[in-house]
Amino acid sequence: MKISQVYILLVLLISVALAVPSQAQLCSGSLGDPIVNITFGAGPNPGPALSAANTNYNFLGTDCPTDGQYAIRSNTTNCFASTWHSLTADHTGDTNGYLMLVNASQVPGAFYLDTVRGLCANTTYEFAAWVVNVLKPTSCNGNGTLPNLTFRIERTDGTLVQDISTGNITATSAPQWRQFGFFFRTPANVTDVVLRIINNAPGGCGNDLGLDDITFRPCGPALVPSIVNGTGEQLQLCEGDTSTVSLSCSVSAGFTSPVFQWQQSLDNGATWQDVPGETATTLRRNFATASPSTFWYRLTATENGNINNASCRVSSRPLKVTVNARPIVTVSNNSPVCAGATGTLSVNGASAVWNGPAGFTANGLTVSLSNISAANAGKYYVEVSNAAGCKTKDSTVININPSPTASVLFSDTSICDGRAITLNATGGSSYSWTPAVGLSAPNIPNPEARPLASTRYTVRVSNALTCTDSANVWVRVQATPVANAGPDRFTREGQPVQLLGSASGDSLSYVWTPAYAINDRNMLQPTVQPLVDTFYILNVSSALGCGTDVDTVLVRVFKQIRIPNAFTPNGDGVNDKWQIPALAAYKSYELMVYNRYGQLLLQTNNFTSWDGNSNGKPLPVGTYYYVISVKDLPEVFSGTITIIR
């Protein structure tokens, strides 16, 4: 390739680079504070008109400017039947911040002009501005004119220093702010320049935009700050730390003869002041006497001879040193604590580490010592940390009082129902028994107990230091025995019958008398087989000494069935019912009574007596017929029975 061809290719590449409207044209090194920062102000709608020297467009005091007009607004709403985007805030999101709302004139040309004064000669600056296309992509049948701007930096005599075109700024479905800019170098002996913004497209349907945050800032080599032993660009210290902090900043190539100046901000970066005498790339500071606060530092740099002009300086990102307060500790405990109880240690803060007597260690803002003893008495030390990791040490003393030992004369005993027993406790200066039911007095060491049912009594013994101990006594109430020999029993000669005895009470023993014809005298329900009528006596005794009781039952023995042949149901109390007691000695039978016509009047297999009624009505005087079938006998008993009234 020939030298002329290389030259032509290089020129083309540089031209293309300068024409590309992207953030690649913005400063890639470090920036200084804005020399110019045009935000158009803030306040209620509408904002004030610009100076006539700044624009040749007409000012509109309301929303929605037409071709060749502009408005200063903090928002715009539903312009031109909502063909524009509605902006609710300026570029920074400030709902009170103004922006310049522009509707391009029919003839392309410059619409904004401003003179920037007080720059430094032979210094690189970044120019930047934020632009939004307010036309919706569906407006103008999808063929709206797109904004296309040229930003020019000129000498005051109109000579071009640098310019850039945005190209067509596309429409988007939602409003989208985009930053356009470039960096330029001021010529020798030039400190004032002119900013000219040109609209390259005509007005009509489209070419509507918002403009905001126009800035000029010094641009220089990259300043990369750091804090030795810090985390990134921040360092957390605790009040009273004595270590010296080293701040440093590396500077990339680009300055011919750089000079430096460290700055400090006392208002979180809003304003900065030079730190006298600190002109190296390293700054050392000791914060041992600093009160809790946040300290901001940055390094500024420029070419030699320009350090006293803030318009020439670039600055590093700020370094942040935070001096945190140590926790103010309030430590407490529940002392004095009675031996055997639980001791509690408490402190405020984010976290705490404890240590104390008998090798005690624990973590936590509140910790417990269970079943505490005299070995645990003494001073407990705590180191408390707050959320910033700063620590404070403190201590507290736990005192331990001796506890009494509650003793009872017996812990488990039994008494008979209705009787009393004296409880007895020792070990303290005061006593309290619970429950109080059945006690002669609940606040003495030896109350008399007469409970109605088995009861577990607890005695709480206290000493003069209000420490307590407790013991328990079971008083078991044993019921007095009650005997029940059961109903009289009937049998026939040679046939055994079971007695139906029962008893109530605790720890009972039983014995039947006499011992005649009984299979087991010590059973509640033995079997007997007497040959004659016999009275049996049930004797019940308490093994606990709670008394005895007796009851008697008659066992009747029938040799044969005797059936009366007449009765007089006249209500005189004599022979009013027909009775056959011997039937009770048989397990299974059936008794039937008929009249002389063979009509059944009575049928039963559980006969006790008959009152001469049928279906609830008295039968007339006369003779009636009975039939008794006994299943365990080979014969049937039959005969007549006469009703006499």
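Excluded from the calculations below are hydrogen atoms, water molecules and symmetry mates; all remaining heavy atoms, backbone and side chain alike, are included.
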What about Phe151 and Phe182, are their ring centers closer than 6.0 Å? no

Would Gln106 and Asp67 satisfy side chain to side chain donor-acceptor pair (under 3.5 Å), going step by step from the backbone distance to the final call? CA-CA 7 Å; Gln106 293 287 341; Asp67 289 353; 2.7 Å; yes

Of Arg326, Lys391, Arg285, the residue whose pairing with Asp241 passes salt bridge (Lys or Arg N to Asp or Glu O under 4.0 Å): Arg326

Taking atom CG as the centre, does Asn189 end up with more than 12 heavy-atom neighbours from other residues, nucleotides or ligands that are less than 6.0 angstrom away? no

If we ignore angles and hydrogens, is there a donor and acceptor under 3.5 Å between the side chains of Asp94 and Thr92? no

Any donor-acceptor pair under 3.5 Å linking the side chain of Asn306 with the backbone of Asn309? no

Please determine whether side chain to side chain donor-acceptor pair (under 3.5 Å) holds for the pair Thr150 and Ser165, giving the CA-CA distance in whole Å, both sets of side-chain angles, and the decisive distance to 0.1 Å. CA-CA 4 Å; Thr150 295; Ser165 293; 2.8 Å; yes

Below 4.0 angstrom, N of the basic side chain to O of the carboxylate: do Arg317 and Glu233 qualify? yes

Is any side-chain N of the basic residue among Lys136 and Asp208 closer than 4.0 Å to the acidic one's carboxylate O? no

Heavy-atom nearest pair, Pro327 first then Val384, reads CG-O, 3.5 Å

Ser30 side chain to Leu223 main-chain N or O, any donor-acceptor pair under 3.5 Å? yes

Would a distance-only check, ignoring hydrogens and angles, find a side-chain to backbone donor-acceptor pair under 3.5 Å from Ser265 to Trp296? no

Might you point out which heavy atoms bring Ala104 and Asn199 nearest each other, and give the distance in Å? CB-ND2, 3.0 Å

Can you classify the ring geometry of Tyr380 versus Phe360 as parallel (below 30°), tilted (30 to 60°) or perpendicular (above 60°)? perpendicular

Closest heavy-atom contact between Leu99 and Ala89? CD2-O, 3.9 Å

Indicate yes or no for a side-chain donor-acceptor contact from Thr191 to the backbone of Ala121 under 3.5 Å, with no hydrogens or angles considered. no

At what distance, to the nearest 0.5 angstrom, does CZ of Arg185 lie from SG of Cys120? 10.5 Å

Short question: side chain of Ser316, backbone of Leu299 - any donor-acceptor pair under 3.5 Å? yes

N/O donor-acceptor pair under 3.5 Å between Asp63 side chain and Cys79 backbone: no

Could you tell me whether the side chains of Asp274 and Gln263 share a donor-acceptor contact shorter than 3.5 Å? yes

Heavy-atom closest contact (Pro225 atom, Leu319 atom, distance): CB-CD2, 3.5 Å

May I ask you to decide if the ring planes of Phe287 and Phe295 are parallel, tilted or perpendicular, using 30° and 60° as cut-offs? tilted

Say whether, by atom type as modelled, one donor and one acceptor occur between the side chain of Asn37 and the main chain of Asp213 under 3.5 angstrom. no

Within the 3.5 Å criterion, strictly below it, is a donor on Ser332 or Ser346 matched to an acceptor on the partner's side chain? no

side-chain hydrogen bond (donor to acceptor under 3.5 Å, both in side chains) with Thr145: which residues, sequence neighbours excluded? none

Atom of Gln162, atom of Leu160 and distance for their closest heavy-atom approach: O-CD1, 3.5 Å

Taking everything shown except Asn363 itself, do over 12 heavy atoms lie less than 6.0 Å from its CG? yes

Ring center gap for Phe216 and Phe127 short of 6.0 angstrom: yes

Are the charged groups of Arg313 and Glu303 less than 4.0 angstrom apart, N to O? no

The reported gap from CD1 in Ile197 to CG in Asp114 (rounded to nearest 0.5 angstrom) is 9.0 Å

Regarding Arg284 and Ser246, do their side chains bring together a donor and an acceptor under 3.5 Å, going by distance alone? yes

Examine the side chains of Glu239 and Asn324 and answer whether a donor and an acceptor come within less than 3.5 Å of each other. no

Sub-6.0 Å ring centroid separation between Phe59 and Tyr70: yes

Evaluation steps, side chain to side chain donor-acceptor pair (under 3.5 Å), between Ser74 and Asn96: CA-CA 6 Å; Ser74 60; Asn96 292 317; 5.6 Å; no

Under 3.5 Å donor-acceptor, Asn133 side chain and Leu135 backbone: yes

Among side-chain atoms of Thr66 and Asn103, is any donor-acceptor pair under 3.5 angstrom? no

Show the nearest heavy-atom pair for residues Pro218 and Ser311, with the distance to one decimal. CG-O, 3.1 Å

Does a side chain donor of either Arg178 or Thr172 reach within less than 3.5 Å of an acceptor in the other side chain? no

Any donor-acceptor pair under 3.5 Å from Thr55 side chain to Tyr57 backbone: yes

Any donor-acceptor N/O pair, Thr166 side chain to Leu149 backbone, under 3.5 Å: yes

Quick one: do the Ser248 and Ser226 side chains pair a donor with an acceptor below 3.5 Å? yes

